[in-house]
Undergrad: 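For reference, the structure I am asking about is given below.
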Number of protein chains: 2
Amino acid sequence: MSVTLEQLQAFVAAAEHGSFSAAGRALRKAQSAISTQVANLEDDLGLALFSRTGRNPVLTAAGERLLAEARVVLDRREHLIGVAASFEAHVEHRLVVAIDELYPEQALGTLFAAFAAHFPHVELELLFPMLEDVSRLVLDGKADIGVMWRQEVLPTEIAFHTLGWVPLQLVCGKDHPLARGVVDWEELKRHRQLMVAARSEGPEKQRLRSAAEVWWVESHWIILQMVRQGIGWALVPDHIIRSSPVRDDLVTPPLQFDGADWPVALELVWHKQRPSGPAARWLRERFAALRISGLPR
Amino acid sequence: MSVTLEQLQAFVAAAEHGSFSAAGRALRKAQSAISTQVANLEDDLGLALFSRTGRNPVLTAAGERLLAEARVVLDRREHLIGVAASFEAHVEHRLVVAIDELYPEQALGTLFAAFAAHFPHVELELLFPMLEDVSRLVLDGKADIGVMWRQEVLPTEIAFHTLGWVPLQLVCGKDHPLARGVVDWEELKRHRQLMVAARSEGPEKQRLRSAAEVWWVESHWIILQMVRQGIGWALVPDHIIRSSPVRDDLVTPPLQFDGADWPVALELVWHKQRPSGPAARWLRERFAALRISGLPR
DNA sequence: AGCTTCCATCTGAAAAAAAGATGGATCAAT
DNA sequence: ATTGATCCATCTTTTTTTCAGATGGAAGCT
């Protein structure tokens with residue numbers, strides 16, 4: 001087979017070290033070996049990779065371009081070996097993470113960048129489920145790890161770890177009657193409340209219910225759109241209000257009574273019975289470590 | 001070097017043909033060669049690629065995954081050889097195409113997909129210049145090919161080919177005085193006209209000028225936003241009006257006089273002096289062939 | 001049971017790669 | 001200008017790798 005890995009390796013080393021001799025030293029091979037490999041490669045490709053006027057070889061334009069290609073080939077070979085090694089180490093090949101929209105996403109970018117650096121061979125799938133329950137996804141094996149707002153008592157098969165508490169804020173539209181001043185409990189009850197559509201039934205769902213009339217909506221973001229229209233009021237995490245495109249049309253009136261910010265727990269969940277691989281364990285640890293910095297409170 | 005191209009080639013062929021013997025026949029090698037190569041590869045990777053119970057080898061889970069990786073390595077090698085070949089054939093390594101926003105983009109996707117298939121080794125850069133003139137970019141060598149609305153007489157260094165004619169339509173906001181009925185010339189002149197900011201000066205610029213008061217705006221899309229606000233009227237290609245996000249707030253009143261749609265020429269331009277490579281020629285031909293199907297009229 | 005086709009393994013032959021030696025060229029320092 | 005170090009290309013020899021052919025055991029089909 002022409003254009004072999006040895007040729008490419010010699011070529012890349014020569015380009016990197018600036019001379020065939022240095023490349024030979026780096027690869028622990030004789031200078032003549034590098035010289036012939038590069039010459040053969042040039043012969044196979046039908047062009048000159050180096051200009052040999054002068055003491056040291058200098059990359060030609062073609063050499064410059066093909067150097068990048070050669071690196072890719074060699075890197076993909078390394079990658080293949082890495083994938084094989086992670087197979088041996090029983091690292092997961094694929095990891096599905098379901099994250100509730102309640103989780104502030106700012107930290108996710110750096111977290112998953114670090115994950116990619118540690119586990120380059122793991123395929124990662126991120127779910128931001130709307131109508132489906134995160135714990136349901138974990139329970140059914142459709143997700144390996146979940147980050148969710150604990151609305152209900154969790155099934156016993158689910159292991160969990162509390163990441164933190166997210167305070168909810170009263171929010172309504174600019175022209176809503178509640179926007180005028182300090183709000184008390186009785187006044188809240190008289191207006192329509194917008195709540196996230198519970199994906200399962202249970203008592204936790206009722207804890208945050210205050211008003212007589214309630215509409216159920218599938219997402220906090222959509223709730224804010226509706227709140228803006230004056231359709232009702234809602235309890236929404238502060239960071240969602242702040243990053244909403246309609247935030248300028250929203251008002252967060254102060255509340256008259258105590259314990260008024262209704263904190264909800266944000267939980268990291270996984271399945272007790274399904275064995276976790278190194279990647280899942282790593283990700284769980286890093287999620288847990290993000291607790292203080294990533295979340296309010 | 002362990003994990004060689006020969007090993008990967010044998011592996012992929014064995015997986016594709018379902019047996020080592022068949023792979024050997026396909027690669028014109030002895031069955032024993034394939035067998036040894038695959039065995040060595042498995043040894044190097046430290047895992048089994050095939051399950052050998054039964055008559056024919058069957059891919060293991062690891063084999064399945066690594067097959068994809070092996071294909072990538074081999075493909076990248078092929079790609080490198082292709083890049084080298086196109087260097088030899090003096091194919092451009094890079095092609096910059098500047099396209100005026102006036103050109104309807106629907107056809108571009110399939111066109112450039114076909115380009116990628118024909119010239120996989122050419123780096124393509126697409127420009128959709130706003131304030132800069134396409135012909136200027138081509139003249140300065142910043143773009144190899146341009147598609148532009150001919151506003152001016154083209155410099156003699158520029159070669160061109162007319163792709164077609166785009167009819168302009170009168171457009172104004174819902175509440176604009178012109179929206180009420182059939183419009184005549186004199187009435188047009190009394191209201192503010194919005195025109196695309198000419199990037200160079202010249203007589204063609206004046207041909208489309210009707211009103212006494214004119215505002216210059218850098219893009220048709222922004223013009224439509226301003227038209228919607230009732231700031232003035234404009235002449236805009238139909239396909240831009242149709243695909244505008246504010247199209248529901250726009251009105252296109254009929255005109256009383258003849259020749260009322262002011263067609264403008266859409267030109268394919270390139271530099272006469274700079275030699276065109278095969279990729280540029282191919283792309284020019286395909287652009288020209290798109291004339292009938294891609295444009296109105 | 002018999003036949004075919006599969007795979008693994010062994011052996012010797014062929015090919016490829018590497019090392020070592022040699023000579024001509026370049027560059028820097030003297 | 002000369003010297004010495006270092007560079008590359010090339011040749012020869014040695015080592016390693018690859019390949020083909022032969023053989024035997026196992027699987028599947030009739």
Side-chain angles (χ1 to χ4, degrees), chain A residues 1-60 62-64 66-67 70 73-74 77 81, chain B residues 1-60 62-64 66-67 70 73-74 77 81:
Chain A
M1 185 179 306
S2 67
V3 186
T4 67
L5 291 173
E6 285 77 13
Q7 292 173 352
L8 298 178
Q9 192 183 36
F11 167 43
V12 171
E16 280 174 353
H17 292 91
S19 88
F20 294 180
S21 313
R25 286 191 291 272
L27 297 179
R28 304 181 165 282
K29 292 187 176 175
Q31 168 263 324
S32 60
I34 306 297
S35 180
T36 27
Q37 292 284 24
V38 172
N40 286 341
L41 179 58
E42 288 179 317
D43 206 45
D44 290 336
L45 296 178
L47 44 79
L49 297 169
F50 293 100
S51 152
R52 273 128 170 128
T53 66
R55 187 178 175 67
N56 287 335
V58 178
L59 279 175
T60 61
E64 201 83 51
L66 291 169
L67 174 61
V73 177
L74 295 173
R77 170 179 168 275
I81 295 172
Chain B
M1 185 178 306
S2 66
V3 187
T4 67
L5 291 172
E6 284 78 14
Q7 291 174 353
L8 297 178
Q9 192 183 36
F11 167 43
V12 170
E16 280 174 352
H17 292 90
S19 88
F20 294 180
S21 313
R25 286 191 292 271
L27 296 179
R28 305 179 165 282
K29 292 187 178 175
Q31 166 264 325
S32 61
I34 307 297
S35 180
T36 337
Q37 293 284 23
V38 172
N40 286 341
L41 180 58
E42 288 179 316
D43 205 45
D44 292 335
L45 297 178
L47 45 78
L49 297 169
F50 293 99
S51 151
R52 277 141 170 111
T53 65
R55 186 177 176 70
N56 287 335
V58 177
L59 279 174
T60 62
E64 200 82 52
L66 291 169
L67 174 60
V73 176
L74 295 174
R77 170 179 168 276
I81 294 172

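Sequence lines set the chain letters: A, B, ... in the order given, protein chains first and strands last, and positions in each chain run from 1.
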Undergrad: Check this for me, if you would: do B:Glu6 and B:Lys29 make a salt bridge, where the nitrogen-to-carboxylate-oxygen distance has to be below 4.0 angstrom?
TA: no
Undergrad: Any idea which of C:dC7, C:dA18, D:dC8 is nearest the A:Glu6 side chain?
TA: C:dA18
Undergrad: Whole angstrom is fine here: how far is it from NZ in B:Lys29 over to P in D:dG21?
TA: 14 Å
Undergrad: As an exercise, state the distance from CG of B:Asn40 to CZ of B:Phe11, rounded to the nearest 0.5 Å.
TA: 14.0 Å
Undergrad: From CZ of A:Arg25 over to C1' of C:dA18, roughly how many Å is that when rounded to an integer?
TA: 17 Å
Undergrad: Using whole Å, what does the distance between atom C1' of nucleotide D:dC8 and atom CG of A:Leu41 come to?
TA: 17 Å
Undergrad: Compare every heavy atom of B:Leu5 with every heavy atom of A:Thr4, then report the nearest pair and how far apart it is.
TA: CA-CD1, 3.9 Å
Undergrad: When the distance from CZ of B:Phe50 to P of C:dC7 is rounded to whole Å, what number comes out?
TA: 9 Å
Undergrad: If each of A:Gln7 and A:Gln31 is mapped to the nucleotide of DNA chain C with the nearest heavy atom, which maps nearer the 5' terminus, i.e. the 5' end?
TA: A:Gln7
Undergrad: How long is the span from the CD1 atom in B:Ile34 to the CZ atom in B:Arg25, to the nearest 0.5 Å?
TA: 10.5 Å
Undergrad: What is the distance, rounded to the nearest whole Å, between atom CD1 of B:Ile34 and atom C1' of C:dC7?
TA: 13 Å
Undergrad: Please pick, from C:dA19, C:dC6, D:dC7, the nucleotide with the shortest atom-to-atom distance to any side-chain atom of B:Pro57.
TA: C:dC6
Undergrad: Base, sugar-phosphate alone, or nothing: which one does A:Ser19 contact when heavy atoms must sit under 4.0 Å apart?
TA: sugar-phosphate
Undergrad: Measuring to OP1 and OP2 of C:dC7, would you say a side-chain N or O of B:Arg55 lies under 4.0 angstrom away?
TA: no
Undergrad: Distance check: side-chain N/O of B:Ser32 vs OP1/OP2 of C:dC10, anything under 4.0 Å?
TA: no
Undergrad: Considering just the side-chain nitrogens and oxygens of B:Ser21, establish if one lies under 4.0 Å of OP1 or OP2 belonging to C:dC7.
TA: yes
Undergrad: Taking atom P of D:dC19 as reference, at what distance in whole Å does atom CZ of B:Phe20 sit?
TA: 15 Å
Undergrad: On DNA chain C, nearest-nucleotide positions of A:Thr53 versus A:Met1: which is more 5'?
TA: A:Met1
Undergrad: Nearest 0.5 Å, what's the CG-CD distance between B:Leu59 and B:Glu16?
TA: 10.5 Å
Undergrad: Would you mind reading off the distance between B:Gln37 atom CD and C:dA16 atom C1', rounded to a whole angstrom?
TA: 13 Å
Undergrad: Between D:dT10 atom C1' and A:Asp43 atom CG, what is the distance in whole Å?
TA: 15 Å
